[in-house]
Visitor: 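Structure incoming, see below.
Along the sequence shown, residues carry numbers from 1. Bear in mind that the values here come from a model prediction, so they are computed numbers and not experimental data.
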Amino acid sequence: MAEGSIDREAWSRVISQLIDEETEGNKSRFASLVGVTYKTVLRWTRQASDVSEDSVRQVARALHISPLALLVRVGYYTETDLQAAAAATEDAGPAIPAGFDRDDPALRVILEADVPPRVQQRMIQRLQQMRQREAERQIDEVRWWIDQSRGA
């Protein structure tokens, strides 16, 4: 994704709107809500300082809004950047965990399934969890055999 800079004017508009919506115009309460100082909020609304990507993300997390959507609203990313990143992620397919072989029959069925990559990724994680539980069950059974042989 191409990275830009935060448009101070756009950030000021967004922050002013969020202050009105979230704290009925109370800048001090807003500052507390998003974890910054009152002076920082004043600088943002007055366009008096540059704003970092981290600050935008912090505000988004505090207000439970999408950080990426907020970064687009303030000019850091464009919709085109996000679409290109999403396309690249889909083309890459799901990540194959360590210990899995692409020739694994169950993994092959998942990879050949006509489902989105994020769904394939969840299926692979589930398969990994199932195999971990099965390995633990086998260890428990072997321990039981050992205990039984000691008593025989």
Side-chain angles (χ1 to χ4, degrees), residues 1-140:
M1 258 188 292
E3 294 180 6
S5 60
I6 308 302
D7 178 328
R8 285 187 191 186
E9 185 178 332
W11 180 243
S12 175
R13 281 192 312 271
V14 167
I15 286 299
S16 294
Q17 178 186 2
L18 291 172
I19 291 169
D20 288 342
E21 292 172 357
E22 298 293 330
T23 60
E24 299 175 346
N26 187 321
K27 291 177 183 164
S28 183
R29 249 187 349 170
F30 182 82
S32 178
L33 179 65
V34 299
V36 298
T37 66
Y38 176 76
K39 286 183 179 184
T40 296
V41 172
L42 286 180
R43 283 193 301 271
W44 288 346
T45 58
R46 294 177 181 162
Q47 304 173 35
S49 65
D50 287 332
V51 180
S52 70
E53 176 190 7
D54 287 339
S55 292
V56 176
R57 290 180 182 278
Q58 178 179 350
V59 168
R61 281 190 301 271
L63 301 178
H64 307 287
I65 58 179
S66 164
L68 288 178
L70 194 53
L71 285 162
V72 168
R73 283 180 66 189
V74 298
Y76 193 78
Y77 295 124
T78 66
E79 288 292 337
T80 306
D81 293 334
L82 298 182
Q83 290 167 356
T89 301
E90 285 182 17
D91 291 344
I96 308 300
F100 273 87
D101 180 353
R102 282 197 173 269
D103 292 332
D104 180 299
L107 181 60
R108 199 168 339 118
V109 168
I110 293 170
L111 294 175
E112 292 171 359
D114 185 23
V115 296
R118 63 182 164 62
V119 174
Q120 288 178 328
Q121 191 66 51
R122 285 197 309 259
M123 290 177 178
I124 291 169
Q125 290 169 347
R126 176 80 173 134
L127 178 62
Q128 191 174 25
Q129 291 168 349
M130 284 176 26
R131 291 193 172 161
Q132 179 63 36
R133 282 194 303 272
E134 178 59 23
E136 291 168 2
R137 189 198 61 74
Q138 288 175 356
I139 290 168
D140 288 344

Visitor: Could you check whether E136 pairs with R133 (Lys NZ or Arg NE/NH1/NH2 to Asp/Glu carboxylate O, under 4.0 Å)?
Guide: no

Visitor: Please list, chain by chain and in numerical order, all residues satisfying side chain to side chain contact (heavy atoms under 4.5 Å, CB included) with V109, sequence neighbours excluded.
Guide: none

Visitor: Report the C-alpha separation of V14 and E9 in whole Å, then their side-chain angles, then the decisive distance to 0.1 Å, and conclude whether the side-chain contact (heavy atoms from CB on, under 4.5 Å) test is met.
Guide: CA-CA 9 Å; V14 167; E9 185 178 332; over 6 Å; no

Visitor: Just checking E24: does its CD atom have more than 12 heavy atoms from other residues, nucleotides or ligands closer to it than 6.0 angstrom?
Guide: no

Visitor: What do the steps show when you test R131 against E134 for salt bridge (charged side-chain N to carboxylate O under 4.0 Å, His left out), and what is the final call?
Guide: CA-CA 5 Å; R131 291 193 172 161; E134 178 59 23; over 6 Å; no

Visitor: Using 0.5 Å steps for rounding, measure from the CG atom of L70 to the CG atom of L18.
Guide: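 Between atom CG of L70 and atom CG of L18 there are 7.0 Å.
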
Visitor: Distance check, rounded to the nearest 0.5 Å: Y38 atom OH versus N26 atom CG?
Guide: 8.5 Å

Visitor: I'd like a table of donor-acceptor pairs (distance under 3.5 Å, sequence neighbours excluded) in which one partner is a side-chain atom from residues 123-130, with atom names and distances.
Guide:
none

Visitor: Would you name the heavy atoms of R73 and Q17 that are closest together and state the gap between them?
Guide: NH2-OE1, 2.9 Å

Visitor: If you look at every heavy atom in R57 and P67, which pair is closest and at what distance?
Guide: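 Where R57 meets P67 most closely, the heavy atoms are NH1-CB, 3.8 Å.
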
Visitor: Does CZ in R46 sit with more than 12 non-hydrogen atoms of other residues, nucleotides or ligands closer than 6.0 Å?
Guide: no

Visitor: Any side-chain to backbone donor/acceptor pair from T45 onto V41? Under 3.5 Å, distance only.
Guide: yes

Visitor: Which atom pair, heavy atoms only, marks the closest approach of L71 to I6?
Guide: CD2-CD1, 4.0 Å

Visitor: Looking at E22 and L63, would you say the former's side chain and the latter's main chain have a donor-acceptor pair under 3.5 Å?
Guide: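 Side chain of E22 to backbone of L63, a donor-acceptor pair under 3.5 Å: no, none is there.
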
Visitor: Distance only, no hydrogens: is a donor on one side chain within 3.5 Å (strictly under) of an acceptor on the other, for T40 and R43?
Guide: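 R43 and T40 do have a side-chain donor-acceptor pair below 3.5 Å.
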
Visitor: Which heavy atom in Q120 sits nearest to a heavy atom in A113, and how many Å separate them?
Guide: NE2-O, 3.3 Å

Visitor: Only pairs at least two apart or in different chains count here, so list each ring-ring contact (aromatic ring centres under 6.0 Å, His included) that has a residue in residues 102-132.
Guide: none

Visitor: Using every non-hydrogen atom in the two residues, find where V34 and A62 come nearest and quote the distance to one decimal.
Guide: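 Taking every non-hydrogen atom into account, CA-CB, 3.7 Å.
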
Visitor: How many angstroms lie between atom CD1 of I15 and atom OG of S12, to the nearest 0.5 angstrom?
Guide: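 Separation between the atoms: 8.5 Å.
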
Visitor: How long is the straight-line distance from CZ of R13 back to CG of D7, given to the nearest 0.5 Å?
Guide: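 Answer rounded to 0.5 Å: 6.5 Å.
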
Visitor: For W11 and V59: C-alpha separation, side-chain torsions, deciding distance, then whether side-chain contact (heavy atoms from CB on, under 4.5 Å) applies.
Guide: CA-CA 11 Å; W11 180 243; V59 168; 3.9 Å; yes

Visitor: Decide yes or no for E53 and Y77: does some side-chain heavy atom of the first lie under 4.5 Å from some side-chain heavy atom of the second?
Guide: yes

